[in-house]
Amino acid sequence: QQPVQSPQAVILREGEDAVINCSSSKALYSVHWYRQKHGEAPVFLMILLKGGEQKGHEKISASFNEKKQQSSLYLTASQLSYSGTYFCGTNAGGTSYGKLTFGQGTILTVHP
Amino acid sequence: GAVVSQHPSRVICKSGTSVKIECRSLDFQATTMFWYRQFPKQSLMLMATSNEGSKATYEQGVEKDKFLINHASLTLSTLTVTSAHPEDSSFYICSARDGGAFGNTIYFGEGSWLTVV
């Protein structure tokens with residue numbers, strides 16, 4: 001089943017913060033976050049493994065609550081380059097590792 | 001870091017013909033690769049899992065005779081769209097897992113835009 005992302009779209013001004021959520025109804029082993037710009041392939045942002053860890057990448061960080069099967073992506077002090085569609089990809093682990101089920105995407109637009 | 005290369009990036013073919021898309025892991029070995037399809041303004045949908053040395057595993061609703069997958073080596077998987085029709089026009093993208101020095105990251109190729117006319 002496809003994870004559910006929220007919000008579907010968000011509009012920011014440069015410097016503002018945003019949170020994108022990803023929720024699954026299935027037990028997860030890992031959550032993978034990607035950003036995709038129009039006409040391009042998805043770019044890997046980060047991976048969170050079972051264990052509830054939080055990770056950071058410059059001004060972008062994420063958390064994974066395995067009990068709730070939820071992950072959140074935090075974008076702080078947004079830049080124009082952050083614009084794009086953000087996808088979470090979920091994986092149940094085991095023999096299916098690597099096989100991702102993607103959410104419907106969250107369109108992020110950052111204005112000057 | 002690990003790189004997955006896909007070729008061609010764009011291809012236009014006539015209806016009824018076949019087209020092959022290649023996916024290569026450039027600096028790691030991938031026993032398993034994955035093929036996704038993405039229609040405009042939609043999410044990525046997994047089509048099949050490509051297994052080196054064995055048959056691919058297809059997702060429900062994906063025609064295995066139409067989308068032929070061959071994983072000939074540890075660094076190459078190919079997707080052949082046979083008897084292509086305009087409705088097959090889409091963005092096809094592969095991914096591979098690098099379980100080696102780079103950990104469990106899953107990398108995507110650059111994608112291939114297929115237009116069937």
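Every chain is numbered from 1 and lettered A, B, ... according to where its sequence line falls, protein lines coming before strand lines. For the numbers below, each heavy atom of this structure counts, side chains included, while hydrogens, waters and symmetry mates do not.
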In this structure, would [X] and [Y] fall into the same cluster of hydrophobic residues linked by side-chain contacts under 4.5 Å?
{"X": "Tyr86(A)", "Y": "Val10(A)", "answer": "yes"}
{"X": "Val11(B)", "Y": "Met47(B)", "answer": "yes"}
{"X": "Val116(B)", "Y": "Trp35(B)", "answer": "yes"}
{"X": "Leu12(A)", "Y": "Leu75(A)", "answer": "yes"}
{"X": "Met33(B)", "Y": "Phe28(B)", "answer": "no"}

* Indicate yes or no: at least one non-hydrogen side-chain atom of Pro42(A) is less than 4.5 angstrom from one of Leu44(B). => yes
* **Side chain to side chain, Ile106(B) and Ser30(A), heavy atoms closer than 4.5 Å** => no
* Segment of Gln42(B) engaging chain A (4.5 angstrom heavy-atom cut-off) -> backbone
* **Part of Thr49(B) lying under 4.5 Å from any heavy atom of chain A** =>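 Just the side chain, heavy atoms under 4.5 Å.
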* chain B contact residues among residues 17-27 of chain A, heavy-atom distance under 4.5 Å ->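 From residues 17-27 of chain A, none sit under 4.5 Å of chain B.
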* What parts of residues 102-109 of chain A touch chain B if we use heavy atoms and a cut-off under 4.5 Å? -> Phe102(A), Gly103(A), Gln104(A)
* Asked: Listed by chain and number, what are the salt bridge (Lys or Arg N to Asp or Glu O under 4.0 Å) partners of Glu22(B), not counting sequence neighbours?
  -> Arg24(B)
* Asked: Who pairs with Phe91(B) by ring-ring contact (aromatic ring centres under 6.0 Å, His included), at least two apart in sequence or on another chain?
  -> Trp113(B)
* Asked: Counting only heavy atoms not in Lys64(B), do more than 12 fall under 6.0 Å of its NZ?
  -> no
* Could you tell me which non-hydrogen atom of Ala41(A) sits nearest to which non-hydrogen atom of Glu110(B), and how far apart they are? =>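 Minimum heavy-atom separation between Ala41(A) and Glu110(B): CB-O, 3.4 Å.
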